[in-house]
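First the structure, then my questions, so here it is.
By convention in this document, chain letters (A, B, ...) are assigned in the order of the sequence lines, proteins followed by strands, and residues within each chain are numbered from 1. All heavy atoms count here, side chains included; hydrogens, waters and symmetry mates do not.
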Number of protein chains: 2
Amino acid sequence: MTRPLRPAPRSPRKPRPAVAAHKAPAKAAGTRSGKAAASKPYHHGDLRRVLVEAAFDLVAERGPETVSVREAARRAGVSPGAPFRHFESRDALMAAVAAEAQRRFRQEIATALAAVPADQPLRRFRALGLAYLRWAMRNPGHFEVISDGRLFDFDAAQGEASGLKADNAEIIDMSAQWLADASAKGLLRSADVKLMQIAGRALVYGYARMKADGHFPRWGVGEAEIEPMAEAVLDLFLAGIAKGDGPIKGRAPRA
Amino acid sequence: MTRPLRPAPRSPRKPRPAVAAHKAPAKAAGTRSGKAAASKPYHHGDLRRVLVEAAFDLVAERGPETVSVREAARRAGVSPGAPFRHFESRDALMAAVAAEAQRRFRQEIATALAAVPADQPLRRFRALGLAYLRWAMRNPGHFEVISDGRLFDFDAAQGEASGLKADNAEIIDMSAQWLADASAKGLLRSADVKLMQIAGRALVYGYARMKADGHFPRWGVGEAEIEPMAEAVLDLFLAGIAKGDGPIKGRAPRA
DNA sequence: ACGCGGTGTATGCGGCGATTACATTCGCGA
DNA sequence: TCGCGAATGTAATCGCCGCATACACCGCGT
């Protein structure tokens with residue numbers, strides 16, 4: 001499942017995919033001369049969104065490194081210079097992709113957490129870690145994108161509200177809160193919450209990157225074992241920081 | 001400490017760095033084995049090595065993404081096409097850089113382990129993890145290079161003996177052996193050695209990548225705290241998998 | 001001594017990110 | 001309703017890149 005090493009052999013010459021999708025720029029009714037004419041209007045209507053979607057798909061298909069502004073423009077059916085009306089650089093485009101990926105990631109985590117009672121911090125912590133791992137296992141390209149610190153910094157430097165920074169901070173804060181709660185409830189062996197937070201993060205991040213970076217074959221872990229082992233690794237960690245021997249995933253964390 | 005986002009603004013126009021280093025300038029004796037003449041010999045003498053060194057330095061200076069074959073050629077004082085006599089592609093060059101980095105990494109680990117008795121498997125395991133973390137903290141670019149699964153696969157696909165694969169496997173085997181020894185000695189809470197091995201690897205790998213990827217500022221960890229916290233994280237992990245409460249780093253691991 | 005093969009240079013191709021000049025269209029105020 | 005500036009598209013261009021090809025040089029084995 002490894003991707004090509006360099007920016008990509010490009011694609012084998014495409015003739016131009018016409019105009020691509022169009023969101024229905026509304027105003028089909030002629031309030032204001034709307035009409036997205038049948039044959040390629042000069043103005044695209046929602047190019048910014050379409051470019052992000054194209055780049056987003058390219059990330060999933062061939063990995064972040066292979067994404068080029070020109071290819072995204074090709075897929076959107078516009079000239080190579082057009083994207084620069086909406087993104088000051090390739091990295092601005094990629095940062096938008098990262099924001100979208102982070103948004104979906106956050107959504108998936110929220111869904112996973114909905115099933116876990118709020119008063120069981122370690123179970124919530126575990127559910128967070130599991131959702132993190134599962135999403136990263138299944139979206140390695142997008143995981144790479146949201147892990148790129150340079151894109152994050154680029155995005156954060158723009159005053160704009162892309163949500164990337166906020167969505168990321170929310171996840172960090174959640175993990176800190178639950179560990180603190182667990183600690184307050186006397187569920188943890190150590191009192192150094194910050195340390196456990198960083199260690200937990202490093203663990204899931206490392207596991208996810210090992211997958212994305214293609215390290216598991218070297219470690220004798222077959223493709224089918226990766227996800228189950230992710231869960232086992234997470235539970236090993238929880239067993240290491242939790243007081244007592246009971247499994248965290250069980251019903252009652254206190255006895 | 002973040003690096004530029006894209007392949008690099010290049011360098012701001014360099015006039016050409018002359019010929020670079022050269023081993024033995026003399027050659028006065030006109031016999032066969034002359035290495036170099038005073039003024040730029042047609043044949044470089046040891047271009048392959050010099051190119052790897054140039055790329056190696058570029059990785060340290062500006063990160064792996066910014067390395068270009070042409071820049072390496074410039075630093076070596078040769079034409080842009082010359083490197084392709086020695087490396088079939090940019091990735092072949094980078095794989096050579098990875099092999100060199102891995103070699104140094106392995107050397108540093110060996111040095112660190114020399115001080116730890118062979119009959120104390122957990123202390124050796126800890127020393128390995130610590131050496132791993134320290135090296136990665138201090139050589140983030142080179143750490144990225146040896147972590148690039150595609151370069152590893154590329155190198156492994158070549159029949160050639162670059163040492164990358166062997167050096168890597170050796171480290172993996174060491175960690176497995178010591179955990180197995182520790183397990184046999186009854187030092188571990190769990191019997192699943194493979195799981196602990198993968199978890200330990202994911203932990204240090206994740207921590208190291210968090211550093212290389214610039215994540216620590218987002219987690220409220222200042223530059224000065226990173227290395228001490230690396231050690232603390234490692235010890236948290238060891239405390240989690242080891243039986244009893246005694247610190248691993250201490251003198252006697254059994255009592 | 002010679003010539004073959006290894007290693008360098010010169011040149012060129014196509015792709016890339018990015019900039020600039022120009023074309024088209026949207027939408028807002030008079 | 002018109003008109004004009006701002007927004008957003010195209011075309012052409014620049015310089016850098018990886019890489020291929022043809023040619024120049026030269027060390028070494030015969």
Side-chain angles (χ1 to χ4, degrees), chain A residues 4-14 16 19-20 25-27 30-37 39-51 55 58 65-74 76-94 154, chain B residues 4-14 16 19-20 27 29-37 39-51 55 58 62 65-74 76-94 154:
Chain A
L5 276 159
R6 269 265 106 182
R10 248 47 228 146
S11 52
R13 211 85 298 260
K14 278 208 229 162
R16 267 232 182 177
V19 88
K27 43 191 60 179
T31 29
R32 285 282 168 171
S33 73
K35 74 184 56 177
S39 67
K40 181 151 184 167
Y42 189 88
H43 286 304
H44 186 289
D46 201 2
L47 183 55
R48 185 185 172 96
R49 173 175 303 278
V50 171
L51 286 170
L58 278 167
E65 277 85 31
T66 75
V67 175
S68 78
V69 175
R70 296 174 103 101
E71 176 80 8
R74 251 172 257 133
V78 296
S79 70
F84 291 95
R85 290 290 181 195
H86 300 273
F87 301 97
E88 67 176 67
S89 66
R90 175 188 185 275
D91 295 306
L93 172 59
M94 294 304 285
F154 180 91
Chain B
L5 276 161
R6 268 265 105 183
R10 244 47 233 154
S11 48
R13 213 87 293 266
K14 275 206 234 165
R16 268 241 181 174
V19 87
K27 185 269 166 72
T31 53
R32 298 292 155 120
S33 56
K35 284 278 165 135
S39 66
K40 182 152 182 166
Y42 189 88
H43 287 299
H44 185 287
D46 202 3
L47 182 54
R48 184 185 173 96
R49 173 173 305 278
V50 172
L51 286 170
L58 278 167
R62 309 196 301 227
E65 278 84 30
T66 75
V67 175
S68 79
V69 174
R70 294 173 105 103
E71 175 81 9
R74 248 172 259 133
V78 296
S79 70
F84 291 94
R85 291 289 180 196
H86 301 272
F87 302 97
E88 67 176 71
S89 66
R90 175 189 186 274
D91 295 305
L93 172 59
M94 293 304 284
F154 179 92

Residues passing the side chain to side chain contact (heavy atoms under 4.5 Å, CB included) test with B:Phe87, sequence neighbours excluded, are B:Arg48, B:Leu51, B:Val52, B:Ala92, B:Leu93, B:Ala96
With the side chain defined as heavy atoms from C-beta on, A:Val78 is closest, among C:dT7, D:dT10, C:dG17, to D:dT10
Value for CZ (A:Arg70) from OG (A:Ser68), rounded to nearest 0.5 Å, stands at 8.0 Å
Whole-Å distance, B:Arg48 CZ to C:dT7 C1', equals 14 Å
From CE of A:Met94 across to P of C:dA18 the rounded distance in Å is 12 Å
Among C:dG17, C:dT7, C:dA18, the one nearest any side-chain atom of A:Ser89 is C:dA18
Rounded to whole Å, the CD-P distance (A:Glu71 to C:dG17) equals 10 Å
B:Arg74 has its side chain closest, among D:dC19, D:dT10, D:dC16, to D:dC16
B:Ala82 has its side chain closest, among D:dC19, D:dT8, C:dT9, to C:dT9
Correct closest heavy-atom pair for B:Ala73 and B:Pro80 would be CB-CA, 4.2 Å
Considering only heavy side-chain atoms of B:His86, the closest of C:dG17, C:dT7, D:dG18 is C:dT7
Protein-nucleic acid N or O pairs under 3.5 Å, nucleotides 19-21 of chain C:
unit_1, atom_1, unit_2, atom_2, d
C:dA21, N6, A:Arg85, NH2, 3.3

Value for OG (B:Ser79) from CZ (B:Arg74), rounded to nearest 0.5 Å, stands at 12.0 Å
Taken to the nearest whole Å, CG/B:Asp46 to P/C:dT7 is 11 Å
For residues B:Thr66 and B:Glu71, determine if any side-chain heavy atom of one lies less than 4.5 Å from a side-chain heavy atom of the other. no
Between CD of A:Glu65 and C1' of C:dG17 the distance, given in whole Å, is 16 Å
Between the CZ atom in B:Phe154 and the CD atom in B:Glu88, the distance rounded to the nearest 0.5 Å is 4.0 Å
To the nearest angstrom, the CZ-P distance between B:Arg70 and C:dT11 comes to 14 Å
Rounded to whole Å, CZ of A:Phe154 lies from C1' of C:dG17 at a distance of 13 Å
Taking every heavy atom of A:Leu58 against every heavy atom of A:Ala72, the minimum-distance pair comes out as CD1-N, 4.2 Å
Of the candidates C:dT9, C:dG12, C:dG17, the side chain of B:Ser79 sits closest to C:dT9
